[in-house]
Amino acid sequence: MDAERATQELHLAGGCLWGVQAFVSTLHGVTFTEAGRANGTSRHLDGEYDGYAECVRTRFDPAVIGVTQLMAHLFEIIDPYSRNKQGPDVGEKYRTGLYSRDPAHLAAARAFITARDDAALIAVEVLPLANYVRSAEEHHHRLARSREDSCHLPEELLTRYRR
């Protein structure tokens with residue numbers, strides 16, 4: 001089977017996308033990540049804020065890692081109770097969520113949250129992906145390319161699963 005067809009795709013939002021991409025790209029079974037914007041109203045990067053969430057387009061091999069595991073990993077790096085704020089980053093674009101065009105992904109993510117004892121407190125969105133815009137090149141793999149930049153996530157967490 002063609003490797004590209006064997007992978008699936010979803011979009012993870014966990015606040016500032018630099019740290020989310022650095023972390024998610026180390027997970028076993030993740031085959032591709034890209035910095036972007038989910039569910040804004042525009043298809044362009046220019047202009048006023050349009051309601052998007054900073055996200056990481058994530059391709060994964062479902063034979064190695066599934067949506068439930070990806071959600072568990074996302075919860076390692078976010079405050080799941082916080083609305084529109086992660087670390088020092090505040091604003092609607094820093095909300096947390098999982099976005100996908102695949103209803104099975106959404107069902108698995110909702111089941112993950114529902115199974116938690118604290119489900120009623122969780123502020124993580126699980127929504128169909130309506131729109132995706134790739135971020136400007138400067139944001140892709142930013143922490144790997146630019147050592148002077150930083151993220152509120154500690155280095156030991158960002159590299160916990162580095163292969």
Side-chain angles (χ1 to χ4, degrees), residues 9-30 32-42 44-60 65 67-101 105-106 108-110 112-114 116 118-162:
E9 184 173 286
L10 51 72
H11 299 71
L12 297 171
C16 176
L17 56 81
W18 294 354
V20 176
Q21 185 176 32
F23 178 77
V24 170
S25 66
T26 68
L27 300 176
H28 184 63
V30 170
F32 171 83
T33 62
E34 178 180 83
R37 299 174 173 186
N39 288 357
T41 58
S42 172
H44 307 286
L45 295 175
D46 303 332
E48 300 283 321
Y49 173 71
D50 67 354
Y52 67 83
E54 288 196 3
C55 74
V56 175
R57 179 179 171 199
T58 305
R59 270 192 215 128
F60 62 99
I65 190 169
V67 175
T68 300
Q69 292 87 2
L70 287 167
M71 285 293 286
H73 286 304
L74 179 64
F75 274 53
E76 289 181 65
I77 60 170
I78 65 169
D79 173 354
Y81 313 118
S82 181
R83 292 193 189 282
N84 303 329
K85 180 182 186 307
Q86 291 294 309
D89 300 313
V90 179
E92 188 179 356
K93 71 180 181 176
Y94 298 115
R95 67 188 182 272
T96 56
L98 179 140
Y99 311 95
S100 179
R101 290 189 172 101
H105 293 167
L106 301 175
R110 288 183 185 119
F112 172 84
I113 292 171
T114 301
R116 292 176 54 103
D118 59 354
L121 304 173
I122 302 295
V124 177
E125 291 184 329
V126 177
L127 295 171
L129 181 70
N131 183 23
Y132 173 76
V133 177
R134 184 181 192 276
S135 287
E137 194 59 41
E138 67 192 61
H139 295 292
H140 296 274
H141 298 284
R142 180 66 176 249
L143 295 181
R145 290 184 304 102
S146 190
R147 285 295 187 204
E148 65 275 2
D149 288 328
S150 64
C151 173
H152 72 280
L153 299 172
E155 182 73 18
E156 60 272 8
L157 180 57
L158 290 175
T159 59
R160 177 179 290 167
Y161 301 105
R162 185 171 283 159

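One N or O on the side chain of R110 and one on the backbone of V126 form a donor-acceptor pair closer than 3.5 Å. Side-chain atoms of N39 come within 3.5 Å of backbone N or O of P128 as a donor-acceptor pair. Under the 3.5 Å distance criterion, the side-chain polar atoms of D50 are matched with a main-chain donor or acceptor of S42. Checked by atom type and distance alone, the side chain of T159 never pairs as donor or acceptor with a backbone atom of R162 at under 3.5 Å. Remark: the backbone N or O of G87 is paired with a side-chain donor or acceptor of K85 at under 3.5 angstrom. Judged by distance alone, with hydrogens and angles left aside, the side-chain atoms of R116 form no donor-acceptor pair with the main-chain N or O of I113 at under 3.5 Å.
Between L127 and L106 there is no side-chain heavy-atom pair separated by less than 4.5 Å. Looking at heavy atoms from C-beta onward, D79 lies in side-chain contact with Q86 at the 4.5 angstrom threshold. Counting heavy atoms from C-beta outward, V20 and I77 have side chains that approach closer than 4.5 Å. The closest side-chain heavy-atom distance from V124 to I78 is below 4.5 Å.
When every heavy atom of A123 is checked against every heavy atom of S82, the shortest pair comes out as CB-O, 3.7 Å. Pairing each heavy atom of A13 with each of R95, the nearest pair is CB-O, 3.6 Å. Closest approach of F23 and L157 over heavy atoms only: CD1-O, 3.3 Å. Closest of all the heavy-atom pairs between E76 and R160 is OE1-NH1, 2.5 Å. Across A38 and L129, no two heavy atoms sit closer than the pair CB-CD1, 3.9 Å. Contact between R134 and L45 at its shortest, heavy atoms only, is O-CD2, 3.5 Å.
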_Verdict with supporting geometry, L98 and L70, side-chain contact (heavy atoms from CB on, under 4.5 Å)_ = CA-CA 10 Å; L98 179 140; L70 287 167; 5.7 Å; no
*Show your working on ring-ring contact (aromatic ring centres under 6.0 Å, His included) between Y132 and Y99 and close with a plain yes or no.*
CA-CA 10 Å; Y132 173 76; Y99 311 95; over 10 Å; no
*Apply the test side-chain contact (heavy atoms from CB on, under 4.5 Å) to residues I122 and F75: give CA-CA distance (whole Å), side-chain angles for both, the deciding distance (0.1 Å), then the verdict.*
CA-CA 10 Å; I122 302 295; F75 274 53; 3.8 Å; yes
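The CG atom of L10 lies 12.0 Å from the CZ atom of R101; values are rounded to the nearest 0.5 Å. Taken from CD in E54 to SG in C16, the straight-line distance is 5.5 Å, to the nearest 0.5 Å. Once rounded to the nearest 0.5 Å, the distance linking CZ of F60 with CG of L27 reads 11.5 Å. Between the CD atom in E125 and the OG1 atom in T96 there is a gap of 7.5 Å [rounded to 0.5 Å]. Between atom NE2 of residue H73 and atom CG of residue L12 there is a gap of 11.0 Å, rounded to the nearest 0.5 Å. The structure places CD of E9 at 9.5 Å from NE2 of H105, a figure rounded to the nearest 0.5 Å.
Applying the ring pair (Phe, Tyr, Trp, His ring centres under 6.0 Å) test to Y49 and every residue at least two apart in sequence or in another chain returns Y52.
Applying the salt bridge (charged side-chain N to carboxylate O under 4.0 Å, His left out) definition to pairs two or more places apart or across chains, none involves residues 16-29.
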